Amino acid sequence: MTTAGQHHTRTTRHRRLFTAAAVAATITVVTAGCTKEPTASPAPSSPSASPSPSADPQEAEKNALLDVYRTFWDASLKAYSTGSMKNTGIETVGTDKAYAKVQATQIYYAENGFVMTGAPVLSPKVTAMDTAAKPPSATITDCIDSTNYIQVEKENGKPVGTLDKNRRHVASYTALKIGGAWQIRDFEISRDQLC
């Protein structure tokens, strides 16, 4: 005959065994999911094919020229937004008529109390390049979107009205490679040719 105390002790012991078994089973399942099955070593890779030559043998030169073009624009934006050619770095990438045109525009803005804010969206492409010429020469054609490039009064930031409703114009830039470095030499922004 089993007393109530013995029955309680057996029941408690069975519960503990059941709980321990459940915990052990859970740990087994969890750790089994975390163990890594041995896998076959990957097959040795075949020797990589040599890179195919660029479709455009002048690609590196074109990229170098486009970098200079963007640097020229960055320097121009700095001149137009500060009212000064100083510390723009434009003289390293823009010479001849290109430098003179940026300077004339900057002087016009300064004399009239204007500055430019924002920045245009550029989409330049090298449309001609002659690396055999002495010196090498190139042409960049761009569609300049000046929608968010605004002329304002320097004192109060008030926008200056423009007659030009279309703010996307075709521009052409000429460049020469002098002393191993490309320089923007001249440019023309068409007021009539839209893009």
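Because the structure is predicted, anything quoted here is derived from the model rather than measured.
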Report task. Could you tell me whether the side chain of Gln106 and the main chain of Gly83 form a donor-acceptor pair under 3.5 Å? Result -> yes

Report summary line: Contacts satisfying disulfide (SG to SG under 2.5 Å) that involve residues 58-157 (not counting sequence neighbours) are Cys143-Cys195

Query - Atom pair CG/NZ of Asp96 and Lys101 - distance to nearest 0.5 Å - result: 9.5 Å

Query raised in the report: Looking only at heavy atoms, which two atoms of Thr88 and Ala75 are closest? And how far apart?
Result: O-CB, 3.3 Å

Report task. Only counting residues at least two apart or in another chain, list the ones meeting side-chain contact (heavy atoms from CB on, under 4.5 Å) with Lys177. Result -> Glu61, Pro136, Trp182

Requested in this report: Heavy atoms only: give me the nearest Pro120-Trp73 pair and the separation to one decimal.
Outcome: CG-CZ3, 3.6 Å

Query raised in the report: Tell me, do Arg185 and Ile178 make a side-chain contact under 4.5 Å, heavy atoms counted?
Result: yes

Query raised in the report: Ile107, Leu77: one ILVMFWY side-chain cluster at the under-4.5 Å cut-off?
Result: no

Query raised in the report: For Tyr173 and Thr139, what are the C-alpha separation, side-chain angles and deciding distance, and is it a side-chain contact (heavy atoms from CB on, under 4.5 Å)?
Result: CA-CA 6 Å; Tyr173 290 74; Thr139 302; over 6 Å; no

Query - Donor-acceptor side-chain pairing of Asp145 and Thr147 below 3.5 angstrom - result: yes

Query raised in the report: For Asp67 and Tyr69, what are the C-alpha separation, side-chain angles and deciding distance, and is it a side-chain contact (heavy atoms from CB on, under 4.5 Å)?
Result: CA-CA 5 Å; Asp67 285 345; Tyr69 174 75; over 6 Å; no

Query raised in the report: Does the Lys158 side chain pair with the main chain of Val152, one donor and one acceptor, at a distance under 3.5 Å?
Result: no

Query - Expected output: side-chain Asp142 to main-chain Leu122 donor-acceptor under 3.5 Å - result: no

Query raised in the report: What heavy-atom pair brings Ile184 and Ala98 nearest, and what distance separates the two atoms?
Result: O-CB, 3.5 Å

Requested in this report: Using the test ring-ring contact (aromatic ring centres under 6.0 Å, His included), find all partners of Tyr109 that sit at least two apart in sequence or belong to another chain.
Outcome: Tyr80

Query raised in the report: When you look at Lys86 and Glu91, which way does the salt bridge (Lys or Arg N to Asp or Glu O under 4.0 Å) test go after all the steps?
Result: CA-CA 10 Å; Lys86 291 180 183 176; Glu91 64 281 351; over 6 Å; no

Requested in this report: First locate atom NZ of Lys134, then atom CG of Leu176, and finally report the distance between them rounded to the nearest 0.5 Å.
Outcome: 13.0 Å

Requested in this report: Answer with yes or no whether the hydrophobic clustering places Met116 together with Val160; edges join I, L, V, M, F, W, Y residues whose side-chain heavy atoms lie under 4.5 Å apart.
Outcome: yes

Report task. Using modelled atom types only, decide if a donor and an acceptor are shared between the side chain of His169 and the backbone of Ile144 within a distance under 3.5 Å. Result -> no

**Report entry** Whether over 12 other heavy atoms sit under 6.0 Å from Glu153 CD
**Finding:** yes

Report summary line: When rounded to the nearest 0.5 Å, the distance separating OG1 of Thr95 from CZ of Phe72 is 9.0 Å

Report task. Supply the atom-to-atom distance Gln183 CD to Thr71 OG1, rounded to the nearest 0.5 angstrom. Result -> 12.5 Å

Query - Smallest separation among heavy atoms of Ala79 and Met85, with atom names - result: CB-SD, 3.7 Å

Query raised in the report: Between Ser146 (side chain) and Arg167 (backbone), is there a donor-acceptor pair under 3.5 Å?
Result: yes

Report task. Taking all non-hydrogen atoms of both residues into account, name the closest pair between Asn87 and Lys78 and its distance. Result -> O-NZ, 2.8 Å

Query - Atom NZ of Lys154: over 12 foreign heavy atoms under 6.0 Å - result: no

Requested in this report: Kindly indicate, with the supporting measurements, whether the criterion side-chain contact (heavy atoms from CB on, under 4.5 Å) is fulfilled by Ser76 and Ile90.
Outcome: CA-CA 7 Å; Ser76 300; Ile90 196 166; 3.7 Å; yes

**Report entry** Straight-line distance of Thr117 OG1 to Ile150 CD1, nearest 0.5 Å
**Finding:** 6.0 Å

Report task. Could you please spell out the steps behind the side-chain contact (heavy atoms from CB on, under 4.5 Å) verdict for Ile140 and Ser172? Result -> CA-CA 6 Å; Ile140 296 170; Ser172 180; over 6 Å; no

**Report entry** Close side-chain approach of Thr141 to Val170, heavy-atom, < 4.5 Å
**Finding:** yes

